[in-house]
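Sharing a structure here in structure tokens format.
In what follows, every heavy atom counts, from backbone to side chain, and hydrogens, waters and symmetry copies are set aside. So you know, we letter chains A, B, ... as the sequences are listed, proteins then strands, and number each from 1. Computed from a predicted model, the values in this text were never measured in an experiment.
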Amino acid sequence: MSTIIGFYLLSALAFVSGLVVVTTRNLLHAVLALAVSSLAVAGLMLTLAAEFLALVLILVYIGAVVVIGVFAVMLTGHFDQPLVPASNELKPLGAATALAFFLLISGVLLIQPPARELPLFEMTVEQIGRLLLTEFVLPFELVSVLLLAAMVGAIVVSKGKED
Amino acid sequence: MSQWMLLLPECVLTIFLGVALTADLVLPALPRRVLALLVLLGLAVTAACVWWTPAGEFGGVFLNDGFGRFAKTIVLAAAALVVLCAWDFDLVWLRPWNEFLFLLLASVLGMFFIASGRELVLLYVGLELATFPIVLLTAYQPADPKSAEGGLKFLILAALASAVLLFGLSLIYAATGTTQLTVLSERLHQGAASSPLLLMGLLFLLAGLGFKIVLAPFHTWAPDAYEGAPTPVTVFMSVASKTAGFVLAVRILSVGLPAVRGTWGAVLAVLAAVTMTLGNLAAIPQQNIKRLLAYSSIAQAGYMVMGLVAFKPLGLSALLYYLAAYLFTNVAAFAVVIALERATGSVEIEAYYGLAERSPRLALLMLLALLSLAGIPPLAGFTAKFYLFAAVYGQGYIWLVVLAVLNSALSLYYYLRVIRAIYIHQPEENTPPLPSTPWPLSLVMAVTLLGILLLGVYPGPIVEAARVVVGPLWF
């Protein structure tokens, strides 16, 4: 019962803060709302006994992505008066698409509730670690090349003109 | 012999990738051409390893087979031609050269894993590794705001496409409980095929793939990215990325999801029809040659999807042959664009006025490339279209073949517009004569010319090779 209450509370929090992210005019508020939203989603993952994913979400999204976002907003200025409006004439279309997507997903889930009982592990960290070095060792290694390429490329592109 | 031997080409490529990145730390002031030669050597060694490494499977997630080898060879050839094209591009090429080569090789490495992957997570990571270096290379030209704009649009839409694709893959996992394509196929045959979760996953998967192989209506990023990217990067994007995208589609759809072929076949048939028509219509008013070729490549993707629609060995081998022919044809056209851009700094069609008088050789190559793109015999493009259309016709999609033939006629209109600019229009007064083409670019032109003619008049060996390698995809 408490999980269900927790689920609804956290979902509502994620939903409301998500709305704030896309509607507020103040970029700083948007970034902070994103942190709240990520935190709520991390809480949802905890109720699903996926504590590793929850921690990664907090570490990576709140700890790194949101903090970088705050820095970017502060350093570029205009954070309380963004130059670009928060919405444009495509707003109704966007809302309609989001609604259609929601109806589609919920329709599919109503027709076919995910019946497969995915096994719940006591220690998901251990399982994930094991899988990363066995079945998923190739993507695990490949991601390091991807990160290296992203890092090198980001530096090259942002460094500006070479003298 | 250890299973790890199967990864030899990938390991060799990774080593050269590191070499490209660190070479000028060890040897500062390393001349540009030495590094380029080193990378070409790396590509050649990798190609040798691709063909030398025995066929086999790595833990059910990675497969070394003829299909993968064929795709890897196309990608390696494209990368080598791009290095040669970019070699002397420093006229507008201000950014570091070794990072350019590093990012190019990183993308090739990602494509290698797409070509051999048999497991959704690996395929996805390979796809990201193949795409993101190209996004960065698109934004590589600081002096040009179009490059930044193209790069930004590409980045946002590539991220969106990845999200859509990933969501589709996660739904497929939810419906079947596996990410291994062969297991997935078995589970579908045991009755998971009709589940709505799976169909929804399939729909998202197709949308994500549509972004990657540039199908309408997911094509909007492509013209801006093609136009904004430095032209050698455009070449790589239009040839290698497209090949990788189609290889990914073949792997996932034919190995993992043959059980729901009716659904994806129908969706792809409609997408093919929309894509080729829209691409050709949008190409007609273009004044910028890179945009024109971008829309032309969208239309070409529409034809290629027909190979997936026809599916049966004939359709897929026709698709592989088409990709090989497209490699030579498109690189030839872009080589001329690069030569003209070096000489005049312009990529507008006006820069081509009277090219036949100013440089008969460039004019002839452009003529052959455009006619091959349009599918005029006896060039490579004709043979490729012939095999492809025949395969689709054999599967009973007569309306699609009729539409494709009509589209080919339509495409001739805008290709002929460029040819008219080259052969009929007079050059403007006191146009300076064209400087001679540097040898790497001349080499690209010679190779692609040979490819266009050879694949056109003597298609036998490649057709046979394509037929042999798609055979084992069936079981």
### Message
To the nearest 0.5 Å, what is the distance between CZ on A/Phe136 and OG1 on B/Thr179?
### Response
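If I round to the nearest 0.5 Å, the distance is 4.0 Å.
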### Query
Where on B/Leu123 is there a heavy atom nearer than 4.5 Å to chain A: the side chain, the backbone, both, or neither?
neither
### Task
Evaluate the side-chain proximity of B/Tyr140 to A/Val156: yes if any heavy-atom separation is below 4.5 Å, no if none is.
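Side chain of A/Val156 against side chain of B/Tyr140, heavy atoms only: contact under 4.5 Å found.
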### Task
Give, as side chain, backbone, both or neither, the part of B/Leu103 having an atom under 4.5 angstrom from any heavy atom of chain A.
side chain
### Per-residue contact mode, B/Glu119 against chain A (heavy atom under 4.5 angstrom)
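Contact with chain A: side chain only.
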### Message
So if I take each residue of residues 14-25 of chain B and look for any heavy atom under 4.5 Å from a heavy atom in chain A, which residues do I end up with?
### Response
B/Leu17, B/Leu21
### Task
Assess whether atom OH of A/Tyr8 is packed by more than 12 heavy atoms of other residues, nucleotides or ligands within 6.0 Å.
no
### Atom pair CZ (B/Phe132) and CG (A/Leu147), whose distance is rounded to the nearest 0.5 Å
11.5 Å
#### Entry: Separation of B/Leu197 CG from A/Ile111 CD1 (nearest 0.5 Å)
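With rounding to 0.5 Å, CD1 (A/Ile111) is 9.5 Å from CG (B/Leu197).
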### Query
Is it the side chain or the backbone of B/Ser107 that comes within 4.5 Å of chain A heavy atoms, both, or neither?
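For B/Ser107, there is no contact with chain A at all, as no heavy atom is under 4.5 Å.
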### Query
Checking B/Phe112 against chain A: side chain, backbone, both or neither under 4.5 Å from a heavy atom?
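For B/Phe112, no heavy atom lies under 4.5 Å from chain A.
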### Task
Check the pair B/Phe167 / A/Ile105 against side chain to side chain contact (heavy atoms under 4.5 Å, CB included), numbers first and verdict last.
CA-CA 11 Å; B/Phe167 191 62; A/Ile105 292 279; 3.5 Å; yes
### Task
Working to the nearest 0.5 Å, report the span between CD of A/Glu141 and CG of B/Leu7.
10.5 Å
### Query
Closest heavy-atom contact between A/Ala154 and B/Leu136?
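Here A/Ala154 and B/Leu136 meet closest at N-CD2, 4.0 Å.
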#### Entry: Contact origin within B/Leu199 toward chain A - heavy atom pairs under 4.5 Å
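For B/Leu199, there is no contact with chain A at all, as no heavy atom is under 4.5 Å.
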### Message
For chain B, which candidate among A/Leu104, A/Leu148, A/Val143, A/Leu138 shows the most heavy-atom pairs at distances under 4.5 Å?
### Response
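So the answer, after comparing A/Leu104, A/Leu148, A/Val143, A/Leu138, is A/Leu138.
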### Query
Of the backbone (N, CA, C, O) and the side chain (C-beta and beyond), which part of B/Tyr124 lies under 4.5 Å from a heavy atom of chain A, both, or neither?
neither
### Task
For A/Glu135 and B/Val61, work out which heavy atoms get closest and say how close.
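That would be O-CG1, 4.0 Å.
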